[in-house]
There are 2 protein chains.
Amino acid sequence: MSTEQLKLSNQICFPLYSASRLITQAYQPYLDKMGITYPQYLVLMVLWENDEISVNDVAKKLILKTNTISPLLQRMAKQELIERNRSSDDERCVKVKLTDKGKALEAKAKLIPEQMLDHLLSDSVELDDVIQMRHQLNQWIEILKDKQK
Amino acid sequence: MSTEQLKLSNQICFPLYSASRLITQAYQPYLDKMGITYPQYLVLMVLWENDEISVNDVAKKLILKTNTISPLLQRMAKQELIERNRSSDDERCVKVKLTDKGKALEAKAKLIPEQMLDHLLSDSVELDDVIQMRHQLNQWIEILKDKQK
DNA sequence: TTCGATTATATCGTGTGCGATACAAATGTA
DNA sequence: TACATTTGTATCGCACACGATATAATCGAA
């Protein structure tokens, strides 16, 4: 195996790590206007698609563990963006749903992607490149999720 | 602009965020054997290429701010992986270099990329795909770094 | 039916990331 | 030379991530 290939996994992990942070930073001005963080924005997106959903299912959709999601949802409940309620079916289960305040953010949030796209595209990174990358990343994520167990 | 395109920035940001975390998790077993974290591994890689380097220059190479790097380096100094010394040229400047213990990790660390590559490649994600993605990500990072200011 | 295993959530400790701020050393300029 | 500005580092507060652990509710097999 060549030295070039030996270094490749480092050379792909670091760009992923950096690009992820930089793009999240590019979201920040828009998220600041809404008073939320990027992980909180992800939770809101899940809840706009799912009326009522368990802590566990939010975690699965975001590929996070409940020990991350649980405090995150507690902070969002404190901000009155969501409501947390024990399920009557299964007393272990906590169901989460949007408050009116949480729902109200949807309109503002829906404008973010369009504004972001201007930041993300350029001469060297075009729409087709991004679509291709998304495809590769999603396949990769599926593989890595399986190995995670 | 189509709905598909409007959603694209979210659909690329989340995969980047998830893939970054999942790949870092895949590194974890190897890093655990060395008793370091992924950001600490990045610092070591910088120091294997640079004998003596300032806190600020480490930060620039890792695209992080000094308020992240500074405590990180302090923890690494406490583990005796590195030494921190005020520069005599410029008293504001703190120079960092590897200890023998830090240098000793290099041999073990150099084996990680080869082992990782097995985890990362598959039928659906081949070497060429990864090389292509790295290229795109690096171009993207340059653009986003400029906009960061 | 009982009791060990599993599941859903929460808590704790540690290590990042990052905005805001502080402070001393160096630099530039009148 | 004075003195405002810039630069390099550190500190503080907060919000993740995540491994380890705890606890209660549910499930499942003898």
Side-chain angles (χ1 to χ4, degrees), chain A residues 14 17-29 31-32 34-43 53-79 81-82 84-96 148-149, chain B residues 14 17-29 31-32 34-43 53-79 81 84-96 144 148-149:
Chain A
F14 177 62
Y17 161 80
S18 299
S20 173
R21 285 189 307 102
L22 287 168
I23 291 187
T24 303
Q25 283 173 29
Y27 269 86
Q28 210 51 56
L31 298 175
D32 284 346
M34 302 167 64
I36 58 175
T37 64
Y38 181 69
Q40 289 172 9
Y41 174 60
L42 293 178
V43 170
I53 184 172
S54 71
V55 172
N56 206 21
D57 287 343
V58 174
K60 275 179 190 156
K61 280 181 188 293
L62 301 184
I63 322 177
L64 287 164
K65 302 282 164 57
T66 55
N67 60 355
T68 297
I69 289 296
S70 183
L72 201 167
L73 293 175
Q74 285 171 19
R75 284 187 290 270
M76 291 179 76
K78 198 178 284 178
Q79 291 180 263
L81 297 172
I82 62 168
R84 291 159 68 252
N85 296 108
R86 285 271 160 202
S87 165
S88 48
D89 292 351
D90 185 338
E91 283 288 334
R92 294 170 303 178
C93 212
V94 171
K95 298 282 193 179
V96 170
Q148 207 181 15
K149 295 159 196 165
Chain B
F14 177 63
Y17 160 81
S18 298
S20 173
R21 285 189 306 102
L22 287 169
I23 291 187
T24 303
Q25 283 173 29
Y27 270 86
Q28 210 51 56
L31 298 174
D32 284 346
M34 302 167 64
I36 58 176
T37 65
Y38 181 69
Q40 289 172 5
Y41 174 62
L42 293 178
V43 170
I53 184 171
S54 71
V55 172
N56 206 19
D57 287 343
V58 175
K60 276 178 190 156
K61 281 181 187 292
L62 301 183
I63 321 175
L64 288 164
K65 303 281 165 54
T66 56
N67 60 357
T68 296
I69 290 295
S70 183
L72 202 166
L73 293 176
Q74 285 170 18
R75 283 186 290 269
M76 291 180 77
K78 197 179 285 180
Q79 292 182 262
L81 296 172
R84 291 160 67 252
N85 296 108
R86 286 271 160 201
S87 165
S88 49
D89 293 352
D90 185 339
E91 283 289 334
R92 294 170 304 179
C93 211
V94 172
K95 298 281 194 180
V96 170
L144 292 167
Q148 205 181 16
K149 293 158 195 166

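Computation of the quantities below employed the complete heavy-atom set of this structure, encompassing side-chain atoms and omitting hydrogens, waters and symmetry-equivalent molecules.
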Quick one: does B/Arg84's side chain have a donor or acceptor within less than 3.5 Å of a partner on B/Lys95's backbone?
no
Mark yes or no for whether B/Gln79, through its side chain, and B/Gly35, through its backbone, hold a donor-acceptor pair below 3.5 Å.
yes
Would you say a side-chain N or O of [X] is under 4.0 Å from OP1 or OP2 of [N]?
X	N	result
B/Tyr17	D/dA17	yes
A/Arg75	D/dC14	no
A/Gln28	C/dC18	no
B/Lys65	C/dG19	yes

Using a heavy-atom cut-off of 4.0 Å across all strands, would you classify [X] as base, sugar-phosphate, or nothing?
X	result
B/Asp89	sugar-phosphate
B/Ile69	nothing
B/Gln40	sugar-phosphate
A/Arg21	sugar-phosphate
A/Thr68	base

Does A/Ser88 or A/Met76 map to a spot on DNA chain D nearer the 5' end, using the closest nucleotide for each?
A/Met76
Are side-chain heavy atoms of [X] and [Y] found at a separation under 4.5 Å?
X	Y	result
B/Ile63	B/Gln148	yes
B/Lys61	B/Ile53	yes
A/Leu64	B/Arg21	yes

I need the [atom1]-[atom2] distance between [X] and [N], as an integer number of Å.
X	N	atom1	atom2	value
B/Leu64	C/dG19	CG	C1'	14 Å
B/Asp32	D/dC18	CG	C1'	11 Å
B/Leu72	D/dG8	CG	C1'	17 Å
B/Leu31	D/dG19	CG	C1'	14 Å
A/Tyr38	C/dT16	OH	C1'	18 Å
B/Glu91	C/dC23	CD	C1'	14 Å

Can you check nucleotides 4-10 of chain C for protein contacts, nitrogen or oxygen pairs under 3.5 Å, and list what you find?
residue, atom, partner, partner atom, Å
C/dT7, O2, A/Arg92, NH1, 2.9
C/dA8, OP2, A/Asn56, ND2, 3.1
C/dT9, OP1, A/Val55, N, 3.4
C/dT9, OP1, A/Val94, N, 2.8
C/dT9, OP1, A/Val94, O, 3.2
C/dT9, OP2, A/Asn56, N, 2.6
C/dA10, OP1, A/Arg84, NH2, 2.4
C/dA10, OP2, A/Ser70, OG, 2.5
C/dA10, O5', A/Ser70, OG, 3.3

Distance from B/Ser18 atom OG to A/Leu42 atom CG, nearest 0.5 Å?
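The CG atom of A/Leu42 is 7.5 Å from OG of B/Ser18, to the nearest 0.5 Å.
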For the residue pair A/Tyr17 and B/Tyr38, does the interplanar ring angle fall in the parallel (under 30°), tilted (30 to 60°) or perpendicular (over 60°) class?
perpendicular
